[in-house]
Every structure is written in C-alpha cells, then in structure tokens.
Amino acid sequence: MLIQVLGTGCAKCKELEKLVRETVAEKGSDAQVEKVTDIKQIAMMGVFTTPAVVVDGVIKSVGSIPPKADIATWIS
C-alpha cells in the first residue's frame, strides 16, 4: 500500500504527514508513506488544493486535514 501526502510544505501539509505516519504506525501497517511536494506531480494527479491524501492512486482527501479515524479506515 502506498499512501501519498501531497503538499508544498505548509504547516497543514506537515501536520497531515505527521498524522498519517502516526496512524500507520499505530495500526501496525507496512504501508509506505511518501511526501509529494512537486507541484507539477501533484497537478498531474488531479489535485489542485493541498494538503491532500492519495491511497494507492485514489484521492481520499483534498484541502483539509481529515480526522484520524477517517485516515485509519484507509489503511490496511
């Protein structure tokens, strides 16, 4: 499983990345978490507002920090 946190480095993007990494660790998942900061790559994924979360190529959240409970449901 690949979880991509999309953002240019703003405070919310950093907070979301931390939250995703914490949730992955708590669930004991072997999911790979990748931070994507390249604006062109983010746009090619169809995301134009950050922060965002993409799980295995599926956009799960855009423009906000989702609750930890929501993030946990995306992780296997």
Side-chain angles (χ1 to χ4, degrees):
M1 169 179 275
L2 174 62
I3 302 171
Q4 295 169 297
V5 179
L6 314 180
T8 58
C10 68
K12 285 187 177 185
C13 298
K14 291 176 184 178
E15 183 180 340
L16 179 56
E17 179 184 12
K18 180 182 174 199
L19 189 60
V20 168
R21 289 186 186 279
E22 284 176 3
T23 307
V24 167
E26 288 172 7
K27 290 201 65 152
S29 174
D30 62 351
Q32 178 186 356
V33 179
E34 174 183 273
K35 177 70 188 260
V36 180
T37 58
D38 181 66
I39 293 175
K40 289 181 184 178
Q41 186 177 357
I42 293 170
M44 286 175 51
M45 294 173 151
V47 173
F48 299 98
T49 305
T50 60
V53 178
V54 177
V55 178
D56 289 335
V58 178
I59 298 169
K60 296 291 189 175
S61 173
V62 175
S64 66
I65 299 175
K68 194 172 196 173
D70 289 355
I71 296 169
T73 65
W74 306 331
I75 301 169
S76 59

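All values reported here derive from a predicted model rather than from experimental measurement.
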Legend entry - Distance, nearest 0.5 Å, that separates CD1 of Ile39 from CE of Met44: 14.0 Å
Legend entry - Atom pair CD1 (Ile75) and CD1 (Ile3), whose distance is rounded to the nearest 0.5 Å: 4.0 Å
Inset, instruction - Please determine which of Thr37, Thr50, Thr49 meets the side-chain contact (heavy atoms from CB on, under 4.5 Å) test together with Ile42. - result: Thr50
Legend entry - Same cluster (ILVMFWY, side-chain, under 4.5 Å), Leu16 and Trp74: yes
Cut-off 3.5 Å, no hydrogens considered: what does the side-chain donor-acceptor table look like for residues 28-36, sequence neighbours left out?
from, atom 1, to, atom 2, distance (Å)
Ser29, OG, Ala31, N, 3.0
Ser29, OG, Ser76, O, 2.9
Glu34, OE2, Gln4, NE2, 2.7

Can you list, pair by pair, the side-chain donor-acceptor contacts under 3.5 Å of residues 53-72, counting residues two or more places apart and other chains?
from, atom 1, to, atom 2, distance (Å)
Asp56, OD1, Leu2, N, 2.8
Lys68, NZ, Glu26, OE1, 3.2
Lys68, NZ, Glu26, OE2, 2.9

Inset, instruction - Keeping to residues at least two apart or across chains, list the side-chain hydrogen bond (donor to acceptor under 3.5 Å, both in side chains) pairs with something in residues 10-19. - result: Glu17-Arg21
Legend entry - Val5 and Val20, any side-chain heavy atoms less than 4.5 Å apart: yes
Legend entry - Shortest non-hydrogen contact from Cys10 toward Cys13: SG-SG, 2.9 Å
